[in-house]
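A quick write-up on the structure given underneath.
Just so we're on the same page: letters track the sequence lines, and every chain starts at 1.
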Amino acid sequence: MNYWLVKSEPSAYSWDDFVKDGGTRWDGVRNYQARNNLRAMKKGDLVLYYHSGAGPGVVGVAKVVKEAYQDPTTEDDRWVAIDLEPVRALKAPVPLGDIKKEKRLKNISLLKQGRLSVVPVTKEEYEAVLSMGSVGK
DNA sequence: GCCAACGTTGGC
DNA sequence: GCCAACGTTGGC
């Protein structure tokens with residue numbers, strides 16, 4: 001079991017849209033590192049759902065329901081998509097500012113590689129974020 | 001709206 | 001293969 005974090009601009013596709021849809025295809029990634037992360041995702045892996053832009057932070061948890069396949073939004077076979085489903089919202093969203101202040105999260109890839117839209121998260125980091133979001137394991 | 005970080009492109 | 005120019009992302 002691995003843990004990840006994906007970013008979305010809420011004005012483009014918010015957590016609420018995701019919940020309303022009951023799941024979505026995560027496509028359109030055009031960055032090699034992010035693509036490699038998508039390829040490494042396994043069915044059942046848990047994914048922190050992060051809002052970028054105004055009021056950035058982690059708002060919910062999703063899970064991988066379909067592993068990497070050819071991204072249908074392009075003919076180019078370098079790119080892949082995965083399918084995600086919502087698991088649950090955090091009781092309290094965890095703002096980026098709090099992530100920056102949290103000692104347990106000082107090495108999180110989200111902070112190390114700010115512009116990557118799909119980043120790995122360790123089990124410890126994942127659990128730290130959930131506890132900050134008032135959600136038990 | 002600005003700017004820093006950083007990935008990509010293209011000239012050489 | 002290097003590196004400058006350029007474009008994009010995302011925080012503020």
Separation of [X] atom [atom1] from [N] atom [atom2], in whole Å?
X     : N     : atom1 : atom2 : value
A/R35 : B/dG7 : CZ    : P     : 14 Å
A/R30 : C/dT8 : CZ    : C1'   : 14 Å
A/Q33 : B/dA5 : CD    : P     : 17 Å

Can you tell me if [X] touches the phosphate of [N], counting only side-chain N or O atoms and a distance under 4.0 Å to OP1 or OP2?
X      : N      : answer
A/Y50  : C/dG11 : yes
A/K112 : B/dC6  : no
A/K7   : C/dG10 : yes

side-chain contact (heavy atoms from CB on, under 4.5 Å) partners for A/K43, two or more places apart: A/E67

Any donor-acceptor pair under 3.5 Å from A/E102 side chain to A/R104 backbone: yes

Base-pair map of DNA chain B as dot-bracket, where | denotes pairing with a different strand and pairs are Watson-Crick or G-U under 3.5 Å: ||||||||||||

Choose from [options] the nucleotide whose nearest atom is closest to any side-chain atom of [X].
X      : options               : result
A/N31  : B/dG7, C/dT8, C/dG11  : B/dG7
A/K100 : C/dG10, C/dT8, C/dG11 : C/dG11
A/Y32  : B/dT8, B/dG7, C/dG11  : B/dT8
A/L96  : C/dG10, C/dT8, C/dG11 : C/dG11

Could you go through residues 109-117 of chain A and list every donor-acceptor pair under 3.5 Å that involves a side-chain atom there, pairing it with any protein atom two or more places apart or in another chain?
| unit_1 | atom_1 | unit_2 | atom_2 | d |
| --- | --- | --- | --- | --- |
| A/S109 | OG | A/P120 | O | 3.3 |
| A/K112 | NZ | A/N107 | OD1 | 3.1 |
| A/Q113 | NE2 | A/Q33 | OE1 | 3.4 |

For A/K101, all residues meeting salt bridge (Lys or Arg N to Asp or Glu O under 4.0 Å), sequence neighbours excluded: A/D98

Under the side-chain hydrogen bond (donor to acceptor under 3.5 Å, both in side chains) test, residues paired with A/W4 that sit two or more places apart: A/D45

Check residues 72-83 of chain A and write down every donor-acceptor pair under 3.5 Å in which the side-chain atom is one partner and the other belongs to a residue at least two apart or another chain.
| unit_1 | atom_1 | unit_2 | atom_2 | d |
| --- | --- | --- | --- | --- |
| A/T73 | OG1 | A/R30 | NH2 | 3.0 |
| A/T73 | OG1 | A/D71 | OD1 | 2.7 |
| A/T73 | OG1 | A/D71 | OD2 | 3.2 |
| A/T74 | OG1 | A/D76 | N | 3.0 |
| A/D76 | OD1 | A/R78 | N | 3.0 |
| A/D76 | OD1 | A/R78 | NE | 3.1 |
| A/D76 | OD2 | A/R78 | NE | 3.0 |
| A/D76 | OD2 | A/R78 | NH2 | 2.6 |
| A/R78 | NH1 | A/Y32 | OH | 2.6 |
| A/D83 | OD1 | A/Y69 | OH | 2.5 |

